[in-house]
Amino acid sequence: MAGQEHGPDAPFTSGSLQLEHNGQTIWALAAQVTMTDTGHHLQFDIPVTVNQARSSRLEGLWWRLDPADRVYLIFTNVDARPLAVRSTFYIAGEAVMSGEWRLGPHACQVLDVDEVLGAVAGSVGQGGITLTYEGEPGSLLARGFVVDPARGFSSIF
Amino acid sequence: MELPVLYGAYWTIEDGYEAQLTLSNTTDEALTVWPTLYDIMGTPLALDAVELGPHEYIVVDIGS
């Protein structure tokens, strides 16, 4: 997964995407992005969908099977306006870390969960995530990735 | 009239990944798709329009 070292001159090597089409309904097009690292036997299938969220709050779970797994949370502003996002991570029901992020139009934020949680993460295998944002419901998409290249393990949440 | 829009949260070709975009027309009519990639900062890159026949699918290489 990509890291966070992106500046104005960064190469065009990661981000989000948008598909506009002329079908009679939104469902005229089915689409997905497939990312593959054949050298490490890794693959992620990311659905490309209509965002029908009716709330400005997203709830999810992060997890890993092994302490060596790296866990990434990626959230994307699909709107043409900037978006303020607040993230809160929970372990065993307790809020352990919160952060605030400002995303430009169509910008992504990539969080390495171990880096965000630091020593708190330890060997914890799962936790909760809440994302709230100030904007129209449906302005934020989020995906999680679990990966261990050493043993060829990859999954999404 | 606004055209229908679908969103993908993420793509990457960093760290040894290859990325492909699969498009499938689910209808009996021809379909035109206008893909736009955004980098992580939100800079847009419009790709060429893709024409799909009825129930046709196509795989577009994003890069490697």
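Note that this is a predicted model, so its numbers are computed, not measured. By convention in this document, chain letters (A, B, ...) are assigned in the order of the sequence lines, proteins followed by strands, and residues within each chain are numbered from 1. Scope of the values below: all heavy atoms of this structure, side chains included, with no hydrogens, waters or symmetry mates.
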For the atom pair [atom1] ([X]) and [atom2] ([Y]), what is the distance rounded to the nearest 0.5 Å?
X	Y	atom1	atom2	answer
Phe12(A)	Thr43(B)	CZ	OG1	6.5 Å
Met35(A)	Leu21(B)	CE	CG	12.0 Å
Tyr7(B)	Leu17(A)	OH	CG	11.0 Å
Trp11(B)	Ser16(A)	CH2	OG	9.0 Å
Thr76(A)	Ile40(B)	OG1	CD1	8.0 Å
Glu20(A)	Thr36(B)	CD	OG1	7.0 Å

Name the option with the most non-hydrogen atom pairs under 4.5 Å to chain B; the candidates are [options].
options	value
Leu140(A), Thr38(A), Asn51(A), Leu29(A)	Leu29(A)
Gly104(A), Ala28(A), Ala31(A)	Ala28(A)
Arg143(A), Gln32(A), Gln24(A)	Gln32(A)
Leu141(A), Val33(A), Asp37(A), Thr49(A)	Thr49(A)

Are [X] and [Y] linked, directly or through other ILVMFWY residues, by side chains that come within less than 4.5 angstrom of each other?
X	Y	result
Leu73(A)	Leu61(A)	no
Tyr90(A)	Val85(A)	no
Val96(A)	Leu131(A)	yes

Tell me which of these, Ile62(B), Leu23(B), Val60(B), Leu47(B), has more heavy-atom pairs under 4.5 Å with chain A than the rest.
Leu23(B)

Most chain A-contacting option - heavy-atom pairs closer than 4.5 Å, from Leu45(B), Asn25(B), Leu37(B), Thr32(B):
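Top option by heavy-atom pairs under 4.5 Å: Thr32(B).
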
Got a sec: does the CG of Asp48(B) have more than 12 other heavy atoms crowding it under 6.0 Å?
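For Asp48(B), atom CG is not crowded (no more than 12 foreign heavy atoms under 6.0 Å).
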
Where is the tightest heavy-atom contact between Pro4(B) and Gly23(A), given as atom of each residue plus distance?
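Looking at all heavy atoms of both residues, the shortest contact is CG-O, 3.7 Å.
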
Could you tell me whether the side chain of Leu6(B) reaches within less than 4.5 Å of the side chain of Gln18(A), counting heavy atoms only?
no

Note, Trp34(B) side chain near Asn22(A) side chain (heavy atom, < 4.5 Å):
yes

Whether Tyr17(B) and Phe44(A) hold their rings parallel, tilted or perpendicular, with breakpoints at 30° and 60°:
tilted

Proximal to chain A - members of residues 50-59 of chain B, heavy-atom separation under 4.5 Å:
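If one takes a 4.5 Å heavy-atom cut-off, the residues of residues 50-59 of chain B near chain A are Leu52(B).
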
Consider side chain to side chain contact (heavy atoms under 4.5 Å, CB included). Of Phe145(A), Phe75(A), Tyr72(A), which one does Tyr10(B) pass it with?
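That would be Phe145(A); it is the only one of Phe145(A), Phe75(A), Tyr72(A) passing the side chain to side chain contact (heavy atoms under 4.5 Å, CB included) with Tyr10(B).
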
Relative to chain A, which segment of Glu29(B) carries a heavy atom at a distance below 4.5 Å: side chain, backbone, both, or neither?
neither

Please check if any side-chain donor atom of Thr13(A) sits under 3.5 Å from a side-chain acceptor atom of Glu14(B), or the reverse.
yes

Which portion of Ile46(A) sits near chain B, non-hydrogen atoms under 4.5 angstrom:
side chain

